[in-house]
Amino acid sequence: MKRKLECRWALWCGVWMVVTLLAACDRLTKPTSSGRPYEVLVVVDDQLWQRPAGRALFDVLDTDVPGLPQPERSFRISQTTQKRFSQVLNIFRTIIKVDIDPTQYTQTKMKFTRDVYARPQVVLTIQSPNEKDFAAFVKKNSRSIIDFLVKVEMNRQINELEEKHSEAVSQLAEEIFKCQLWAPAEIKSYKKGKDFFWASSNTASGLVNICMYSYPYEGPRTFNKQYVLAKRDSVMKANIPGTEPRMYMATDTLCTSVKPITVKGEYAMETRGLWKMEHDAMGGPFVSHSRVDTLNNRVVVAEGFVYAPEKMKRGLIRRLEAALYTLCLPGEQARELKASIPEVSVVAGKEQE
């Protein structure tokens with residue numbers, strides 16, 4: 001009996017070593033992915049790309065980012081054909097493959113695979129029996145496609161923030177709120193208040209900011225638009241003044257949306273829109289998460305806002321939004337944002353359902 005157990009243990013160790021070596025070899029042989037955040041390469045035939053099916057996908061990817069003061073498209077879009085899809089192009093960080101084949105498919109589906117040609121990488125494949133069904137499917141699932149691609153980039157940015165983030169913001173979040181928060185490393189200057197802090201990059205251009213505040217949880221009414229915006233305005237007026245006494249930060253309520261979201265499996269409220277400095281010309285986009293800390297019966301709000309009148313703001317505000325997802329309330333742990341599209345694993349160069 002003892003000899004059998006020893007043999008089984010040796011066999012298990014051998015299998016474990018082989019799997020580990022294969023994984024290590026896979027990491028060593030695959031190149032680092034290329035491309036900028038929110039850049040997508042679509043692999044599709046040139047003619048199909050210009051027909052209604054291709055235009056339907058282009059229109060989804062070409063939608064504007066919500067909550068910005070000027071139009072900015074959600075993604076930078078590139079296109080190539082399968083024949084031109086070489087070892088130079090296949091290392092793009094985010095790839096969408098269009099696969100229309102009536103001999104293989106009876107219905108339209110989406111799936112994604114990780115690290116097929118490079119690391120880190122996501123390849124989203126949309127399979128369909130015909131162009132008409134493809135176009136209808138893409139239009140119907142436009143929100144799922146956009147959310148998926150945004151979450152892919154958010155997770156990459158969260159991983160980067162885990163490795164390199166602002167120590168000042170992390171210390172403030174822990175000291176004042178007993179929470180964890182990873183913010184961009186360039187955010188170093190800060191101001192503290194009662195149940196509040198504001199931290200900023202304090203740069204001459206592309207100014208990025210993170211703030212946190214809390215207030216008592218008073219039941220469901222705490223999470224309606226009017227209540228959330230009133231709290232924001234009162235906190236910002238008290239803590240973020242302008243250069244003159246009559247100047248203070250306020251919300252542009254005509255350009256603000258509030259909606260429920262799920263963060264770490266729990267209910268949260270996302271507020272997105274524009275801020276302005278009353279009696280001054282300053283302003284820009286902001287996004288915030290309001291979450292319930294059940295252990296302390298309070299609402300904790302984390303917000304990122306940008307002042308960059310001379311720059312495009314998509315990359316700046318989305319990087320701050322990724323930071324909001326790193327907020328861990330007391331008793332929570334960091335988690336990856338979940339994708340709504342099914343994942344297919346890649347083994348030995350083949351896809352496995």
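From a predicted model like this one, the values you see are computed outputs, not experimental measurements. As a basis for the values below, the full set of heavy atoms in this structure was taken, side chains included, without hydrogen atoms, waters or symmetry mates.
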Do [X] and [Y] have a side chain donor and acceptor closer than 3.5 Å?
| X | Y | result |
| --- | --- | --- |
| T63 | R143 | no |
| S200 | N202 | no |
| Y105 | D99 | yes |
| D46 | Q79 | yes |

Problem set entry | Aromatic plane relationship, W182 with H165 - under 30° parallel, 30 to 60° tilted, over 60° perpendicular |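 The rings of H165 and W182 lie parallel, inter-plane angle below 30°.
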For this session: For the pair F112 and F148, name the ring-plane relationship: parallel under 30°, tilted 30 to 60°, perpendicular over 60°.
Result: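 Rings of F112 and F148: tilted, as their planes differ by 30° to 60°.
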Exercise. Does atom OH of Y217 have more than 12 heavy-atom neighbours from other groups under 6.0 Å away?
Worked result: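 Counting neighbours around OH of Y217, more than 12 heavy atoms of other residues, nucleotides or ligands fall under 6.0 Å, so yes.
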For this session: Among D59, D62, D64, find the residue that satisfies the salt bridge (Lys or Arg N to Asp or Glu O under 4.0 Å) test when tested with R73.
Result: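 By the salt bridge (Lys or Arg N to Asp or Glu O under 4.0 Å) criterion, R73 pairs with just one of D59, D62, D64: D62.
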For this session: Step through it carefully: locate the ring centre of W275, locate the ring centre of F286, and say whether they are under 6.0 Å apart.
Result: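 For W275 and F286, the ring centres are not under 6.0 Å apart.
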Exercise. Looking at Y267 versus F223, is the centre-to-centre ring distance below 6.0 Å?
Worked result: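 Ring centroids of Y267 and F223 are less than 6.0 Å from each other.
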Exercise. Under 6.0 Å from the six-membered ring centre of Y215 and within 45° of its axis: does the NZ or CZ of K231 meet both?
Worked result: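 So K231 does make the cation-pi contact.
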Problem set entry | Residue pair K188, E167: steps toward the salt bridge (Lys or Arg N to Asp or Glu O under 4.0 Å) verdict | CA-CA 8 Å; K188 297 177 181 179; E167 293 297 334; over 6 Å; no
